[in-house]
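Just below is one structure, and these are the notes that go with it.
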Amino acid sequence: MIPAAFDYHAPASVDEALRLLRSLPDAKLLAGGHSLLPMMKLRVVSPGHVIDIGRIQALCGVREDGRALVIGAMTTHWAIESSPLVRARAPLLAECASRIGDIQVRNVGTIGGSLVHADPAADYPAAVLAVEAEMTVVGAEGRRTIRARDFFTGVLSSAVRADEILTEIRVSALPPGTGQAYLKFPHPASGFAVVGVAAVVRLRGGRCEDARIGVTGVGPTAYRAEAVEKALVGTTLDDRTIAAAAEHAADGVEANEDLFATPDYRAHLARVFTKRAVRAALERAGRA
Ligand SMILES: Cc1cc2nc3c(=O)[nH]c(=O)nc-3n(C[C@H](O)[C@H](O)[C@H](O)COP(=O)(O)OP(=O)(O)OC[C@H]3O[C@@H](n4cnc5c(N)ncnc54)[C@H](O)[C@@H]3O)c2cc1C
């Protein structure tokens, strides 16, 4: 319950935050604080310095940049789920945000904090994989872009280095005929995903032209279910082809185990939720 003592900093710009991050030993960025503070209270981490990036306006909000949607790293889960722009341009992200924790958590937790924290049972990772988002980070050497599929590197680790700041998440517009859906089996104790599946399917002439399936909660990191995608593309996406493709949802993944779900049960849920998510996305593609 009681975190160790630390010094608090509240920079007003990304440059100032980067300078602090470089000059202070054992510093941690503070975004919504809803993963960092619980860990500090348990003393799993005890940083000497906390750099609060919550006052940096440039990191907040949603905007359009040509055909891309750009979401600032400090945008809260609630702002994403309720944004008309996100709902229109990247409905999968809005739906995913709306399934996170409870309303108090969504009111302060941010997309940037969630992605960098990289909890294997977090919701957004499945969605950013399925929409093939690109993450922009800044550090001492300037700006670089990380593709969603290169972003999640292990349990609680991402490709963002300790001296870098994630600034924005960029999602390209999806063509007409695309349907998307995020379905989740929440853990009864924590609300995190025992399994969460984000599906994006695109139809052309009655057949599946493109399929992208992001799965979270099952393995050490969220992943693209490539075998499912391959099995879907080119088919008419009827119940039989969807069910057959979904059988591959946990192929090659060593499934997690906890008090609630054995690895076999998790893999089973991955198959069931993949089937349901593809069906839901298909229904929406038809209506697009
Ligand atoms: C009760 C409860 C239930 C929850 N349920 C869910 C759930 O169902 N699904 C789910 O996905 N999540 C859930 N969460 C986690 C929640 O979504 C957190 O808000 C999120 O994981 C972290 O975001 P944050 O903004 O709070 O980050 P913080 O806790 O402030 O930071 C997390 C980590 O990211 C780093 N960081 C933050 N921002 C940046 C940045 N811009 N650049 C570089 N590093 C950065 C921090 O230094 C820290 O290491 C839950 C949390 C709680 C407390």
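When a ligand or atom number is given, it counts from 1 through the structure's own listing order.
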Check residues 243-253 and write down every donor-acceptor pair under 3.5 Å in which the side-chain atom is one partner and the other belongs to a residue at least two apart or another chain.
from	atom 1	to	atom 2	distance (Å)
H248	ND1	D251	OD2	2.8

Identify the residue among L92, L93, V70, V86 that makes a side-chain contact (heavy atoms from CB on, under 4.5 Å) with V171.
L93
Ligand 1: protein N/O within less than 3.5 Å of ligand N/O:
from	atom 1	to	atom 2	distance (Å)
ligand 1	8 (O)	G101	N	2.9
ligand 1	8 (O)	K184	NZ	3.1
ligand 1	8 (O)	G191	O	3.1
ligand 1	9 (N)	D123	OD2	2.6
ligand 1	11 (O)	D123	N	2.9
ligand 1	11 (O)	D123	OD2	3.4
ligand 1	17 (O)	H77	NE2	2.9
ligand 1	19 (O)	H77	NE2	3.4
ligand 1	21 (O)	S35	OG	2.8
ligand 1	23 (O)	S114	N	3.3
ligand 1	25 (O)	G32	N	2.8
ligand 1	25 (O)	T110	N	2.9
ligand 1	25 (O)	T110	OG1	2.6
ligand 1	26 (O)	G33	N	3.1
ligand 1	26 (O)	H34	N	2.7
ligand 1	29 (O)	H34	N	3.3
ligand 1	29 (O)	S35	N	2.8
ligand 1	29 (O)	L36	N	2.6
ligand 1	30 (O)	A31	N	2.8
ligand 1	30 (O)	G32	N	3.3
ligand 1	30 (O)	G33	N	2.7
ligand 1	41 (N)	L166	O	3.0
ligand 1	42 (N)	L166	N	2.9
ligand 1	47 (O)	L29	N	3.4
ligand 1	47 (O)	L29	O	2.6
ligand 1	49 (O)	K28	NZ	3.2

All side-chain hydrogen bond (donor to acceptor under 3.5 Å, both in side chains) counterparts of R55, not counting sequence neighbours:
none
Only pairs at least two apart or in different chains count here, so list each ring pair (Phe, Tyr, Trp, His ring centres under 6.0 Å) that has a residue in residues 115-144.
H77-Y124
Which is it for V201 and D210 under the side chain to side chain contact (heavy atoms under 4.5 Å, CB included) test, yes or no, and what are the steps along the way?
CA-CA 6 Å; V201 295; D210 190 17; over 6 Å; no
Sidechain-backbone polar pair: D163 side chain, R22 backbone, donor-acceptor under 3.5 Å
no
